[in-house]
Amino acid sequence: MGNASIFLREFLRSPARTGAIAPSSRRLGEAVVAPIPESGDPIVVELGPGTGAFTTVIQEKLAGRGRHLAIELNPALATMIAERHPGVDVINGNAADLPQLLAERGIDKVDVVISGLPWASFPLSAQQSILEAVHAAMAPNGAFTTFAYTMAARTPAARRFRAMLERSFEEVVLGRTVTANLPPAFVYYARRSRTHA
């Protein structure tokens with residue numbers, strides 16, 4: 001079964017949890033992983049890898065450096081990612097538990113958090129708890145990236161999430177729209193967690 005078929009199956013099982021009907025494109029993946037340093041051994045956390053569209057690009061950019069952890073709530077997708085990417089520490093768990101999941105692996109802070117989570121489909125409580133977990137896990141100069149679909153950018157949940165980003169980080173930049181994605185999307189680049197999110 002191909003990635004698109006798997007993704008559609010999981011979407012039909014749980015639309016709100018999956019958040020999209022198709023995997024992200026390679027072009028969007030390249031935009032999302034841009035903050036990963038080209039040298040050194042960064043610790044990269046991926047939230048909601050799904051079928052692995054971003055996972056593959058992250059692994060290519062790391063090229064054996066650093067450490068890559070992927071947190072996936074869906075057990076079927078977590079198993080698939082672990083089988084396809086043996087170099088990734090795949091965790092079947094909730095992104096809201098990020099600090100605890102990292103502590104269990106002896107990790108205090110991470111350099112980059114890349115999110116494939118469907119933020120606009122989350123209620124306020126989930127947006128807050130996951131973003132607080134990200135904030136708590138990031139190094140002072142760490143980077144956080146996620147994306148949003150252009151068609152949903154003006155929804156109340158999407159606007160609320162953007163405001164939360166701006167309260168949580170000193171710098172929030174919107175990337176160009178990636179039209180080679182279904183549906184078109186843009187990337188949020190956030191850096192330097194504020195002391196008080």
Side-chain angles (χ1 to χ4, degrees), residues 19 24 28-75 77-78 80-82 84-119 122 126-148 161-162 164-175 187-197:
S24 298
L28 181 59
E30 290 170 350
V32 167
V33 308
I36 295 176
E38 295 183 0
S39 61
D41 294 303
I43 298 176
V44 178
V45 170
E46 180 183 9
L47 304 178
T51 57
F54 296 164
T55 312
T56 299
V57 186
I58 294 168
Q59 283 288 284
E60 289 172 0
K61 187 155 187 183
L62 286 175
R65 299 178 296 119
R67 191 165 177 186
H68 178 184
L69 300 92
I71 300 174
E72 174 56 58
L73 188 61
N74 183 308
L77 294 177
M80 185 190 71
I81 292 292
R84 291 184 179 180
H85 298 279
V88 179
D89 184 356
V90 180
I91 304 162
N92 180 207
N94 192 320
D97 298 326
L98 180 58
Q100 176 186 336
L101 296 171
L102 293 173
E104 290 169 359
R105 287 154 180 81
I107 299 171
D108 181 35
K109 298 292 182 183
V110 301
D111 301 297
V112 181
V113 177
I114 293 171
S115 172
L117 297 174
W119 294 97
F122 288 162
Q127 287 182 339
Q128 287 178 326
S129 62
I130 297 172
L131 197 55
E132 286 170 4
V134 167
H135 185 271
M138 290 184 63
N141 293 317
F144 171 72
T145 62
T146 190
F147 71 95
F161 176 67
R162 179 173 177 175
M164 289 171 65
L165 279 179
E166 291 172 348
R167 287 194 303 271
S168 297
F169 295 92
E170 293 180 11
E171 177 185 356
V172 178
V173 176
L174 273 65
V187 179
Y188 287 114
Y189 298 99
R191 289 188 179 275
R192 296 187 302 281
S193 294
R194 295 187 190 276
T195 303
H196 301 290

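All residue numbers refer to positions in the sequence shown, counting from 1.
Val172 and Ala190 make their closest contact through CG2-CB, 4.2 Å (heavy atoms, listed as atom of the first residue, atom of the second, distance). When every heavy atom of Leu102 is checked against every heavy atom of Ala137, the shortest pair comes out as CD1-CB, 3.5 Å. Closest approach of Ile71 to Ala95, counting heavy atoms only: CG2-N, 4.0 Å. Minimum interatomic distance between Trp119 and Gln127 (heavy atoms only, all atoms of both residues): O-NE2, 2.9 Å. Residues Val32 and Tyr189 share a closest heavy-atom pair of N-OH, 4.5 Å. Of all non-hydrogen atoms in Val187 and Ala31, the two that sit nearest each other are CG2-CB, 3.9 Å.
At least one donor-acceptor pair closer than 3.5 Å links the side chain of Ser129 to the backbone N or O of Ala126. Put simply, the side chain of Arg65 gets close to the backbone of Gly40: a donor and an acceptor are under 3.5 Å apart. Without hydrogens or angle criteria, Asn92 side chain to Glu72 main chain gives a donor-acceptor distance under 3.5 Å.
Judged as a side-chain hydrogen bond (donor to acceptor under 3.5 Å, both in side chains), and not counting sequence neighbours, the contacts of Arg105 are Asp89. Applying the ring-ring contact (aromatic ring centres under 6.0 Å, His included) criterion to Tyr188, with sequence neighbours excluded, gives Phe186. Qualifying side-chain hydrogen bond (donor to acceptor under 3.5 Å, both in side chains) partners for Thr55, counting only residues two or more places apart in sequence or in other chains: Glu46. Partners of Pro99 according to the side chain to side chain contact (heavy atoms under 4.5 Å, CB included) rule, which considers only residues two or more places apart in sequence or in another chain, are Ala133, Ala136. Partners of Glu30 according to the side-chain hydrogen bond (donor to acceptor under 3.5 Å, both in side chains) rule, which considers only residues two or more places apart in sequence or in another chain, are Arg26.
Using a 4.5 Å heavy-atom cutoff, the side chains of Val44 and Asp111 are not in contact. Taking the side chain as every heavy atom from C-beta outward, Ser193 and Val134 never approach each other to under 4.5 Å. The closest side-chain heavy-atom distance from Thr146 to Leu47 is not below 4.5 Å. Two residues are said to be in side-chain contact when any heavy atoms from C-beta on lie closer than 4.5 Å; His85 and Val90 fail this criterion. With contacts defined as side-chain heavy-atom distances shorter than 4.5 Å, the pair Lys61/Glu38 qualifies. Put simply, the side chain of Met164 reaches to within 4.5 Å of the side chain of Gln128, judged on heavy atoms. Residues Ile107 and Leu101 have side chains not in contact (no heavy-atom distance under 4.5 Å, counting atoms from C-beta outward).
Of the inter-residue distances, the one linking Met138 atom CE with Ile43 atom CD1 reads 12.5 Å to the nearest 0.5 angstrom. The distance from the CZ atom of Arg194 to the CD atom of Glu171 is 10.5 Å, given to the nearest 0.5 Å. Separation of atoms CZ (Arg67) and CG (Asp41) is listed at 12.0 Å; rounding is to 0.5 Å.
Under the ring pair (Phe, Tyr, Trp, His ring centres under 6.0 Å) criterion, the residue pairs touching residues 36-74 are Phe54-Phe147, with sequence neighbours excluded.
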How far apart are the C-alpha atoms of Leu98 and Val110, what are their side-chain angles, what is the distance that settles it, and do they pass the side-chain contact (heavy atoms from CB on, under 4.5 Å) test?
CA-CA 11 Å; Leu98 180 58; Val110 301; 5.7 Å; no

Chi angles and distances behind the side-chain contact (heavy atoms from CB on, under 4.5 Å) call for Glu104, Ile91:
CA-CA 11 Å; Glu104 290 169 359; Ile91 304 162; over 6 Å; no

Kindly determine whether Val112 and Val33 satisfy side-chain contact (heavy atoms from CB on, under 4.5 Å), including the steps that lead there.
CA-CA 9 Å; Val112 181; Val33 308; over 6 Å; no

Could you check Val88 against Gln59 for side-chain contact (heavy atoms from CB on, under 4.5 Å), going step by step and ending with a plain yes or no?
CA-CA 8 Å; Val88 179; Gln59 283 288 284; 3.6 Å; yes

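Taking the six-membered ring for Trp and thresholds of 30 and 60 degrees, Phe144 and Phe169 have nearly parallel ring planes, at less than 30 degrees apart.
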